[in-house]
Engineer: 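Here it is: the structure, laid out below.
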Amino acid sequence: TRTTRPQRLLKAVQDRAIRGNPKSVISVIDHYCRNQEWAMNVGDEKGFILDSVVSELNPQTVLELGTYCGYSAVRIGRLLHSGARLLTLEFNPDYAAVAREVISWAGLENTVQLVEGASGDWIPRLREHFGIHTFDFIFLDHWKEGYLADIKLLEECRLLRKGTVLLADNVVCPGAPDYLEYVRKSPLYDSRYFKSHLEYTKAEDGLEKSVYLG
Ligand SMILES: CNc1ncnc2c1ncn2[C@@H]1O[C@H](/C=C/CNC(=O)c2cc(-c3ccc(F)cc3)cc(O)c2O)[C@@H](O)[C@H]1O
Ligand SMILES: [Mg+2]
């Protein structure tokens, strides 16, 4: 049977990237997706904005919603300092299997922990299961219609603290209108839009950065 797109992306990583070198894993995926087969990674242009937000914040505890092939988990994980941890949630077992391989090829298996399952099921259990108190940084890149429910769930579970930064991908394309309206109107957040482009294309897209005011 035919391979899947994530499996072909993984093969490109294994064939072309240097083991243990996150930078080469990122550039191989970007080159592959720009020149051979598009895939819904945050990509290099929005990835540069993601890098600057993470570097400025220097977070110790990070949550990612929607691992897919692990591109942004590697992007974020490579910037974390020793002792810092990224938990990334992915409910598709095939994507999770590919992402584990990509994260391991980048040598980030001790920094990035992939948890298989749905965000709605796992968010209420993160404290008791992983001893997490609050998150410093959260990257939302899963189903766009799930963003709003999950930010509300994170509030309810008291996993945000004064200054927690949430960064949401695709707030223009495909779009997350209900999420945008919520974070921009709510007095709980200070929100701003970083205009960019949809990965590997000229279409507009962007990231919304929202700081929880607590
Ligand atoms: C809802 N709870 C959930 N819990 C755990 N994992 C979840 C999840 N929802 C989805 N997932 C996983 O996240 C990933 C989903 C990502 C959805 N992303 C998009 O739809 C997306 C789509 C585009 C896109 C843009 C333009 C276009 F023409 C076609 C596609 C671009 C992007 O950057 C995107 O992120 C998958 O790996 C899925 O299995
Ligand atoms: Mg995305």
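Keep in mind the model is a prediction, meaning the values are calculated, not measured. Whatever order the structure lists ligands and atoms in, that order sets their numbers, starting from 1.
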Engineer: Closest non-hydrogen protein atom to atom 16 (C) of ligand 1, residue and atom name please, with distance?
Structural biologist: D141 O, 3.4 Å

Engineer: Give yes if a backbone or side-chain nitrogen or oxygen of W38 is under 3.5 Å from a nitrogen or oxygen of ligand 1, and no if not.
Structural biologist: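 Not met; the criterion fails.
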
Engineer: Exactly one of K209, R184, K185 should register a side chain to side chain contact (heavy atoms under 4.5 Å, CB included) with S191. Which one does?
Structural biologist: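 The side chain to side chain contact (heavy atoms under 4.5 Å, CB included) with S191 is passed solely by R184 among K209, R184, K185.
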
Engineer: Quick one: report the N, O or S atom of D141 that is nearest to the Mg ion (ligand 2).
Structural biologist: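 For D141, the N, O or S atom at the smallest distance from the Mg ion (ligand 2) is OD1.
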
Engineer: Under 6.0 Å between the ring centres of Y147 and H142?
Structural biologist: yes

Engineer: Which residue supplies the protein heavy atom nearest to atom 22 (C) of ligand 1, what is that atom called, and how far is it?
Structural biologist: P174 CG, 3.6 Å

Engineer: Measure centre to centre between the rings of Y32 and W38, then say whether the value is under 6.0 Å.
Structural biologist: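 Aromatic pair excluded; centres sit 6.0 Å or further apart.
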
Engineer: If you look at D169, which of its N/O/S atoms is nearest to the Mg ion (ligand 2)?
Structural biologist: OD2

Engineer: Does the protein come close to atom 26 (C) of ligand 1 - that is, does one of its heavy atoms sit below 4.0 Å from that atom?
Structural biologist: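 Looking at atom 26 (C) of ligand 1, one finds that a protein heavy atom does lie closer than 4.0 Å.
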
Engineer: Just to verify, which of I26, D30, D51, I29 counts as forming a side chain to side chain contact (heavy atoms under 4.5 Å, CB included) with D44?
Structural biologist: D30

Engineer: Ignoring angles and geometry beyond distance, decide whether N41 reaches within less than 3.5 Å of ligand 1 through its nitrogen or oxygen atoms.
Structural biologist: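 No: no nitrogen or oxygen of N41 is under 3.5 Å from one in ligand 1.
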
Engineer: Between V42 and ligand 1, find which residue part has any heavy-atom pair under 4.0 Å and reply side chain, backbone, both or neither.
Structural biologist: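 Neither part.
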
Engineer: Should Y95 be counted as touching ligand 1, given the test is an N or O pair under 3.5 Å?
Structural biologist: no

Engineer: Nearest heavy atom to atom 31 (C) of ligand 1: which of E199, E64, E90 does it belong to?
Structural biologist: E199

Engineer: Nearest heavy atom to atom 4 (N) of ligand 1 wins, so pick from A39, S119, G43, S72.
Structural biologist: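 Minimum heavy-atom distance to atom 4 (N) of ligand 1 goes to S119.
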
Engineer: Is the Mg ion (ligand 2) less than 2.8 Å from an N/O/S atom of N170, whether that atom is in the backbone or a side chain?
Structural biologist: yes

Engineer: I want to know if ligand 1 touches F91 in the polar sense, i.e. an N/O pair below 3.5 angstrom.
Structural biologist: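 It does: an N or O of F91 is found under 3.5 Å from an N or O of ligand 1.
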
Engineer: Would you indicate whether E128, at its atom CD, is surrounded by more than 12 heavy atoms from other residues, nucleotides or ligands within a distance under 6.0 Å?
Structural biologist: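 Yes, the 6.0 Å shell around CD holds more than 12 heavy atoms from other groups.
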
